[in-house]
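Data block below; observations after.
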Amino acid sequence: MTTRRDLFKITGGAAVGALLTPAPWRMITDGALWSENWPGIPRPARGEIRAKFTNCTLCPAGCAMKARCVGDQPISLAGVAGHPLSHGALCPFGIAGHHLPYHPERLLSGAVEDAAAAIKKGIGEGGRIAVFDTRPGRTASWTYRRAMASLPGGLYLRPQAALNGNAVDLSAARTVLSFGVPLLDGWGTPGNVIQARGNFRLIQVEAIESRTAAMADLWLPTNAGEERAMASIILNGGMDHIARELENGPVLVLGPEDWPEIVELNRKYGALGRTIVSRRDAPVPDTWKDAAPEMEWADAAEGSIRVLLIDETAPGAYVPWHSLETKLSRDAVVVAFTATRDGYARHAQFSIPTAVFPEALDDIPAAVDSPAGVFRLSTSLVPPAAGTIDPAMFIARLAGIDAASALRDRAGAICRSARGNVFHYADSKSTPMKEMKADAFWKSLNEGACWIDDLDPKAPAPKLVARAATRASNVSLVETCGAGLVSPLFSKLHEESHVRLARHEIALNPAGGFHDGERVALQTDCGRIAMTVLLDPSIPPGSIQAATGADVLDLCGGVTGAKVVRI
Amino acid sequence: MNARYGMTIDIDRCNGCGACMVACAVENNIPPAHAGANDRKGLTWIRVYKVDNGKEYPERRSAFVPVLCQQCGNETPCAHVCPQQAVDVDPKTGVVGQMPERCLGCRYCMAACPYHARYFNWWDPAWPKGMEKTLNPSVAPRMRGVVEKCNFCHGRWHEARQRAAAGGLAASEPVDYVPACVEACPAGAIRFGNLNDATTEVARKSKEPDSFRLLEKLGTDPKIYYHSKRDWVKTIAEAPRPGAGKENVRG
Amino acid sequence: MDKEFITRGVKRCSGGKFLLWLTPWVLLLAFGLFSAALVLIKGLNQTNMDNRFAFGLWIFLDLTVIALGAGAFFTGFLLYILKIDDLKAVINSAVVIGLVCYSGAVCVLAVDVGQPLRAWFTFWYPNVHSMLTEVTFCISCYLTVLAIEYLPIVLKNRRLREVPSMLVFEHELHKLIYVLAGVGTFLSFFHQGSLGGLYGVLRGRPFAFREGLALWPSTFFLFIISAAAVGPSFILLTTWLVEKISRKKLVKPEVPGLLARISGLMLAVYVLAKTVDTLVWLNRTSPERGFQGWQYYSWRPFGTWILFAEIVVFGLVPALILLSPKLRANAGWRLSAAAMACCGVALNRFVMTVQTLALPTLSFDPFMSYYPSWQEVGTFLAVVAYGVLVYSFSFRYFQLFPQERDLRVQTPPQREERELITAGRY
Amino acid sequence: MRGTILFLAGLTAALGAGWIAFPKVLYRHSPQPVDFSHKVHAEKAGQKCEDCHAFRDDGSFAGIPSLEKCSGCHAAAMGTTAAEKNFIEHYVIPNREPEWHDYAQQPENVWFSHATHVKRASMKCETCHGNIGAAGTLPAYRLDPVSGYSRDVMSMDACVNCHRQKGSEHSCLDCHK
């Protein structure tokens, strides 16, 4: 019979034996190896590395992009070196643009049929129909105008045109006087601004030391809301050291365009025709000439619009809803074509999901700092998500016009004009337009190219018109994770560091009596939004810095006297 | 002759846009922040700090300083302390390498690093659905519980060498190798190159009087040179002075 | 029920009472294990540590506990190598305390690392320059030694002695004990030192960095001396505590005095060395690396008071008390001095770990603060509970204090005392 | 005496279990989808390795050829073997990629470039892959389910040894990514 001691013996032997086999050591090693392939960690797809080219549609700059792809999937984006407009630069929004199709908050479903029915009903009842286009001048914009022309009472509305539709020639400027314009923080075409930066002196008038103010040659701090007073002082030669600076021309004065002072300063210092020039836009087919005229939204009659179709697929100037709303009739139908729930979708009865960059095929008109007209395509790098709608096609079908080949037709028109040059991204070579056939032009546009018009020798002198000026707000808005979608990786810039303000974050001076991370409400006559406080001593007392975002723009756009209140 | 890769960062050109941070995260498969993360628990191999001259508004002036692994060349603090050789310095390139698969997550190297350039994976990495398709095959995603840091986009170095070999080039050190942040900086504030090669821009710029390195007196011989003409900016290279600039980073 | 397990000639309370005493500690242990499990399963995000506070409560307490556990090796060293035989009275207890402290610390370390499955890499791919490698090797080896030293205590148990082979085994072990003590002492000296070295070598952290003597930074030696100084003090305290709780005399009156004298002597040496080291560091080491010494102490709340408290209040004062025969003869003075000494070393470990990380290194760094999460606290409480449990069992079933029996024989307990004992109270 | 026997019994039992049973239990054997013969292709078709295992334009190595490559020759049966017949029926005609098991698939954290080894260091395929190119059949694929790696994958030691001999061993990042 076996005793306990026998068991000891056997176990002992087994233990010794086991140590002499690979088994225990294998298991220890495998344990560590298992931790290399930690559960739930994705494995990057492998495959051939290819380069594709496109243009960014996330802002009106339309910077040229080189996409590094595994197979067909873009995995990173970079600028196109030597590009005559964007000079190889990309902003952080563009650099991570290829993540947008996978954004968790993307809008992917909407009641398309119901929307169509409601629109038809609205038109049937004889109401005015209008398209509000956040980025005019695109081929899609022309499609809207043609559609509206063919619909009874159709209107094409656009935001206020920057500089009255004129362009800025930064390369000509020697002194730039800017009233709170974020010149070095995403204004115009970032690459172009940086390229020209060495040649001009920058004087920044701003309450807060913004990124631009921090980089300016001279920063004139003003009290929040007193920028305009400062402008008229300078205009009347009140600050002679600034006046002396401005003698070093050519001068460019930038600021809220509805201030008469800005217009006057530009006149006084001879900016018109030198640093502010009129631009000839890319030609369109003659058959489009009967399209509806562009109308600034402000000029539409109050309460006149029965059906409003908003296209915010191409982010541009955002018009606060409380202003736009006044144009609607009581029983108006509002349809927003968008990829995000944050914009006009918050106010529209129907939100129709659209493709996002880099899914959509679109063109990007010239940016404000491009004196020459341009034509470039944003070719789709990945197929549009299921269930998304192309607003141009939708509205064209509504009006019963054919716009399927609009882009190609326009390319044809440009080719026929035989003006300008085509810059090819793959080899950074330029070929004169007159030397290219329409098909070749179209092909290279899709493979990554940009048509740049010649400067118009007999361009008319640019005109600037002042309007009834709104008072300046004490909220300075910084472009952060603003309207529309941004890559989830932007968490690096706010959540995981404090380089930029996150949405619904406001920066205040510690003297304000609030504490870091406190939940407060930003309040104006238009309402209030819950915000989180970040204390920043570089913000002057009384000023508020907030990240742009449709809701914040609705709250602060064109209104003054914003205040922060405890919840 | 061995290469000594380094950087010059022109603080006077940096407007703190954050393109370098985003490009770095894209290139190196760094996941978006976990819901619980903050600026002390985040992952960003290069971090832009906002610094100031310590004065009050309106005399206050700010500048932006991108801080990444300084690739210390002398008695590299982190490599020196790692118990199991998960950190090493490549004599061929001077790059301080971190091996997440060897790391046991003791975080001794993080305590040793005076530049706070090392980051710990406090959470399991997670990407929004579908976004994992955009991961870079040249960089292995890391698992929870290990330390990671900048290695001058070593994946790009591998690719460049492979291209050179495939193209039959003899050069063992690639010519077209540049980290993502350098490529991404729209202002061209970051320059990269071989400090041992006197012909490169970095070698030249690193010797200019306006160039300085962070905490140079520690004797760790960093390979990241900062550059500024503003005197108050130059003082950021020195040891902290209590009272000054405590609010620069929100803790 | 378990009477036949209890050493002959000593009284222990009834099983029921014993269980009653165990219950709270078991509960504490359970809670601690739960929080540790949370950390292991969900990851270190359960703690309040972050990239700047890469080390937290755990490392601080590990260092403290290991310093307090040093009594084991130092007593062993005095007893077996320097032949101070009076210490036989406490050596067993010291060994148990040592075992508890070290094994506890190792367990916490296993929770503290992000990928415990790879911990063995340190043995397979060691980086010989790293102090942590030194620590890992020494602690694991010394833990084995302690386990072997613990065995004879276990084997002395009445029931186990009935097994002949066990008896033989124990006899063999006893011949070994001197070797073990020697090895243990060496290993222990070494890793106490390397624990100090851990921070002394951080050239990137001028607050912790110290210049070297021979291979090691000065903190290496300071940690050894300080550990040797508080080891006896801690034994002093624990012995007194056990006597109070169990209501028995366990050691002859001269033993505590001896421990106190040793502790005082070492403490005095430590204070002297620490003072010299601090002066050198403040006036030479740190300024040479661009950090003015004064600025470390201008970040609230860590003012110069912390330096004063560490060296004078919890260093010099207890040293003097323990050195003066009159004062240390008085139990009150003796014990409070011992307690102060322990606090002093704890404070020193706190400064080396937490303050080092809290202080900024870059000019644009803020001063950092950190509070442990409940999971961190819980995990550590598990170690405390585990220690109490192991000690309680050892005390009940093994002979931790050889003099206990003789003391009972010499002084027959007073009546009420006897009643207490028969009533089976502690 | 009895004790010794028992001890030895335990010892041998453990040894047996560890050396013979354990590997059988641990490794998961799975056959390749197609009964492919390198030998036939090398001798009959006179093909070189790089004819099928080709480099891509970007310098990366394509590894196991895709079905497209195979169909290039095997659109219709070229021989009479059952294996080819099966292959054409099950994969070529339904145009279904065979799920090959890669014996030498390196871990995700390893950067291995065939270009640097084959083109710059001009190494032979056999040096690492043995003479599988001459084998008539494909050996079964053996997976270690715990580590998730093929049993025949080259170990780090093997890499390091060769790099050491060649004097091209500098740092972890030489081969890791």
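Each chain gets a letter, A, B and so on, in the order its sequence line appears, and its residues count up from 1.
B/Pro240 and C/Trp299 make their closest contact through CB-CZ2, 4.0 Å (heavy atoms, listed as atom of the first residue, atom of the second, distance). For the residue pair C/Ser363 and B/Ala239, the shortest heavy atom distance occurs at CB-O, 4.2 Å.
If you measure heavy-atom distances from B/Glu216 to chain C, you find no contacts under 4.5 Å at all. With a 4.5 Å cut-off on non-hydrogen atoms, C/Pro360 touches chain B through its backbone and its side chain both. Within the 4.5 angstrom heavy-atom criterion, atoms from both the backbone and the side chain of B/Cys106 approach chain C. The part of B/Val67 that comes within reach of chain C is its side chain, from C-beta onward, which places non-hydrogen atoms under 4.5 angstrom from that chain. For C/Trp58, no part sits under 4.5 Å from any heavy atom of chain B, backbone or side chain. For C/Thr47, the parts sitting under 4.5 Å from any heavy atom of chain B are the backbone and the side chain alike. Both the backbone and the side chain of C/Leu132 come within less than 4.5 Å of a heavy atom of chain B. There is no contact between C/Glu134 and chain B, counting heavy-atom distances below 4.5 Å. Of the atoms belonging to C/Leu198, heavy atoms from both backbone and side chain fall under 4.5 Å from chain B. B/Leu214 touches chain C through its side chain: at least one heavy atom from C-beta onward sits under 4.5 Å away, while N, CA, C and O do not.
Proximity of a side-chain donor or acceptor of C/Asn127 to a complementary backbone N or O of B/Cys82 within less than 3.5 Å is detected. Proximity of a side-chain donor or acceptor of C/Arg203 to a complementary backbone N or O of B/Thr220 within less than 3.5 Å is not detected.
Annotation: side chain of B/Pro83 is not in contact with side chain of C/Phe121 (no heavy-atom distance under 4.5 Å). Within the 4.5 Å cutoff, side-chain heavy atoms of B/His116 are placed close to those of C/Arg52. Side chains of B/Leu215 and C/Arg289 form no contact here, defined as non-hydrogen atoms less than 4.5 Å apart. By the 4.5 Å heavy-atom criterion applied to side chains, B/Tyr49 and C/Leu362 are not counted as neighbours. A heavy-atom distance below 4.5 Å is found between the side chains of B/Met110 and C/Asn51. Here the side chains of C/Gln115 and B/Met143 are in contact, with some heavy-atom distance below 4.5 Å. You'll find the side chain of C/Phe209 stays beyond 4.5 Å of the side chain of B/Leu218, heavy atoms only. Two residues are said to be in side-chain contact when any heavy atoms from C-beta on lie closer than 4.5 Å; B/Tyr108 and C/Ser130 meet this criterion.
Atom CZ in C/Arg118 sits 9.0 Å away from atom CD in B/Gln84 (nearest 0.5 Å). Remark: C/Asp365 CG to B/Ile236 CD1 distance equals 11.0 Å, nearest 0.5 Å. Separation of atoms NZ (C/Lys42) and CH2 (B/Trp123) is listed at 12.5 Å; rounding is to 0.5 Å. Rounding to the nearest 0.5 Å places CD of B/Glu238 at 10.5 Å from CZ of C/Phe291.
If you tally non-hydrogen atom pairs under 4.5 Å between each of B/Pro77, B/Ala79, B/Ala111 and chain C, the highest count goes to B/Ala111. Contact tally against chain C (heavy-atom pairs below 4.5 Å) for B/Arg118, B/Arg107, B/Lys217: the top residue is B/Arg107. The candidate from C/Ile41, C/Thr136, C/Val135 with the greatest count of non-hydrogen atom pairs under 4.5 Å with chain B is C/Ile41. Options C/Leu109, C/Thr133, C/Ile59, C/Thr122 differ in how many heavy-atom pairs under 4.5 Å they form with chain B, and the most are formed by C/Thr122. Of the listed residues B/Pro114, B/Gly219, B/Cys72, B/Gly145, the one with more heavy-atom pairs under 4.5 angstrom with chain C than any other is B/Pro114. Each of B/Cys113, B/Cys103, B/Ala237 has some count of heavy-atom pairs under 4.5 Å with chain C, and the biggest count is that of B/Cys103.
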Note to self: Under the criterion side-chain hydrogen bond (donor to acceptor under 3.5 Å, both in side chains), I'd like the reasoning laid out for B/Trp122 against C/Asp50: C-alpha separation, chi angles, the key distance, then a yes or no.
What the structure shows: CA-CA 8 Å; B/Trp122 298 100; C/Asp50 55 47; over 6 Å; no
Next item on the list: Using the side chain to side chain contact (heavy atoms under 4.5 Å, CB included) rule, take B/Phe120 and C/Leu44 through it: C-alpha gap first, then chi angles, then the decisive distance, then the call.
Entry: CA-CA 10 Å; B/Phe120 187 72; C/Leu44 284 160; 3.6 Å; yes
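Environment of NZ in B/Lys207: crowded, with over 12 heavy atoms of neighbouring residues, nucleotides or ligands closer than 6.0 Å. Other residues, nucleotides and ligands place no more than 12 heavy atoms under 6.0 Å from the CH2 atom of C/Trp124.
With C/Phe53 as the aromatic partner, B/Arg40 does not meet the cation-pi criteria of under 6.0 angstrom to the ring centre and within 45 degrees of the ring axis.
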